[in-house]
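Keep in mind that the numbers below use all heavy atoms, side chains included, and drop hydrogens, waters and symmetry copies.
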Amino acid sequence: MKKQGFTLIELMVVIVIMGILAAVAVPKLFGMIAKSKASEVGPAAGTYIKLQDAYVSESNKIGNWTLIGYVAPGASSASDASPSTTNFTYYGSGTFTEGVADIADMADAWVAKNNAALNDCAANSGKWDIAIKANSNGNSISYTATTNCDQLTPTFEKIGK
C-alpha cells in the first residue's frame, strides 16, 4: 500500500519560505499605510496655493482662508478655526483682522501637523508648511514649501513651483 502526503521536511521548508516573505512584506506594508495617510497633505496645500494665487491676481493683496474660500480637510466651512482630520490638524498665520494683508513675506501661511504617528514622524512632530514670499515686482507672490517628514511626501517641496 502506497502512502501519499507531505513529509515533515517539505512542510518546514514551506513555513520558512512563508516566514521570509512575511518578514519582507510587513514593513513595506506599514510604510505604505503611513504614505497613504500623508497623501492628503499635497492636494490640500495645492488647493490653498491655487485659491491664494487667484485672490492675489484679482486684488493685489493676500487673503485669509475665509476670504479666499479655502476649506481645509476636515473643516465644516472656510471659517473653521482649527480644522482637523484623523491624521492632520491645519492652520495658518493668515488670520488678519480685515481679512487681507498687503503683499509681503508671510511664514506659516498654511500649516499641517500630524495628529498620529506616521512611521518616523512621531505624533505632533511632523510639520508641512507653506510660506509666502513677495516677488520683487510688488504685485505677485511665490511659495516655499517645507517639511521635516520628506520621506512620506518627497515631492511636497515642489508644490507651488
Side-chain angles (χ1 to χ4, degrees), residues 22-161:
V24 169
V26 168
K28 287 283 188 188
L29 174 67
F30 286 126
M32 292 298 119
I33 291 171
K35 278 189 173 186
S36 70
K37 288 179 180 179
S39 68
E40 81 178 54
V41 171
T47 300
Y48 170 78
I49 287 172
K50 287 176 186 168
L51 291 170
Q52 191 67 265
D53 277 344
Y55 188 81
V56 167
S57 67
E58 290 174 3
S59 66
N60 281 340
K61 297 205 179 271
I62 299 171
N64 66 16
W65 289 15
T66 303
L67 195 59
I68 67 173
Y70 177 71
V71 179
S76 56
S77 69
S79 61
D80 194 341
S82 183
S84 64
T85 63
T86 305
N87 302 312
F88 293 95
T89 298
Y90 299 90
Y91 63 91
S93 63
T95 55
F96 347 103
T97 309
E98 296 87 25
V100 294
D102 290 330
I103 293 178
D105 294 354
M106 180 185 295
D108 294 340
W110 181 94
V111 179
K113 291 196 93 157
N114 61 320
N115 299 331
L118 302 171
N119 283 0
D120 295 337
C121 292
N124 299 313
S125 70
K127 182 179 177 185
W128 290 258
D129 67 87
I130 295 175
I132 294 175
K133 181 164 177 52
N135 289 337
S136 59
N137 63 10
N139 61 359
S140 64
I141 57 177
S142 58
Y143 303 93
T144 304
T146 57
T147 181
N148 61 349
C149 292
D150 59 344
Q151 70 275 17
L152 294 175
T153 52
T155 59
F156 183 75
E157 293 179 354
K158 295 179 182 172
I159 288 178
K161 296 193 176 5

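- Of the possible donor and acceptor atoms, one in the side chain of Asn64 sits under 3.5 Å from a partner among the backbone N and O of Thr66.
- A donor-acceptor contact shorter than 3.5 Å links the side chain of Ser57 to the backbone of Ala54.
- Note that the CD1 atom of Ile33 and the CG atom of Asn119 stand 9.0 Å from one another [nearest 0.5 Å].
- Closest approach of Gln151 to Lys35, counting heavy atoms only: O-CE, 3.4 Å.
- Across every non-hydrogen atom of Ser140 and Val56, the tightest pair is CA-CG1, 4.3 Å.
- Pro73 places a side-chain heavy atom less than 4.5 Å from the side chain of Tyr90.
- Here the straight-line distance linking atom SG of Cys121 with atom CG of Asn114 works out to 6.0 Å at 0.5 Å rounding.
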Hey, mind stepping through Lys133 and Ile141 against side chain to side chain contact (heavy atoms under 4.5 Å, CB included) and telling me if it holds? CA-CA 6 Å; Lys133 181 164 177 52; Ile141 57 177; over 6 Å; no

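- In summary, the aromatic rings of Tyr143 and Trp110 are positioned with their centroids too far apart to meet the 6.0 Å limit.
- The two atoms that bring Ala104 and Ile132 nearest to each other are O-CG2, 4.0 Å, heavy atoms only.
- A donor-acceptor contact closer than 3.5 angstrom links the side chains of Glu40 and Thr85.
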So Gln52 and Ile62, side chain to side chain contact (heavy atoms under 4.5 Å, CB included) or not? Walk me through it. CA-CA 7 Å; Gln52 191 67 265; Ile62 299 171; 3.6 Å; yes

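- Listed for the Asn148 side chain is a donor-acceptor partner under 3.5 Å among the backbone atoms of Lys127.
- Taking each heavy atom of Ala38 and Thr153 in turn, the nearest pair found is O-CG2, 3.7 Å.
- Residues Ile130 and Thr144 have side chains not in contact (no heavy-atom distance under 4.5 Å, counting atoms from C-beta outward).
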Checking Val111 against Trp128 for the side chain to side chain contact (heavy atoms under 4.5 Å, CB included) test, could you report, in this order, the C-alpha distance in whole Å, the side-chain angles of both residues, the deciding distance, and whether it holds? CA-CA 6 Å; Val111 179; Trp128 290 258; over 6 Å; no

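- Atom CG of Leu118 and atom SG of Cys149 lie 7.0 Å apart (nearest 0.5 Å).
- Counting heavy atoms from C-beta on, the side chains of Pro83 and Trp65 come closer than 4.5 Å.
- Residues Ser84 and Thr89 come closest through the heavy atom pair CB-OG1, 3.5 Å.
- Checked by atom type and distance alone, the side chain of Asp108 never pairs as donor or acceptor with a backbone atom of Gly92 at under 3.5 Å.
- Between Tyr55 and Lys61, the shortest heavy-atom contact is CD2-O, 3.3 Å.
- Judged by distance alone, the side chain of Asn115 and the main-chain N or O of Asn124 form no donor-acceptor pair under 3.5 Å.
- With hydrogens and angles left out, the side-chain atoms of Thr147 and Asp150 include no donor and acceptor closer than 3.5 Å.
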CA sep, side-chain torsions, deciding dist, call: Ile68, Tyr48, side chain to side chain contact (heavy atoms under 4.5 Å, CB included): CA-CA 9 Å; Ile68 67 173; Tyr48 170 78; 3.8 Å; yes

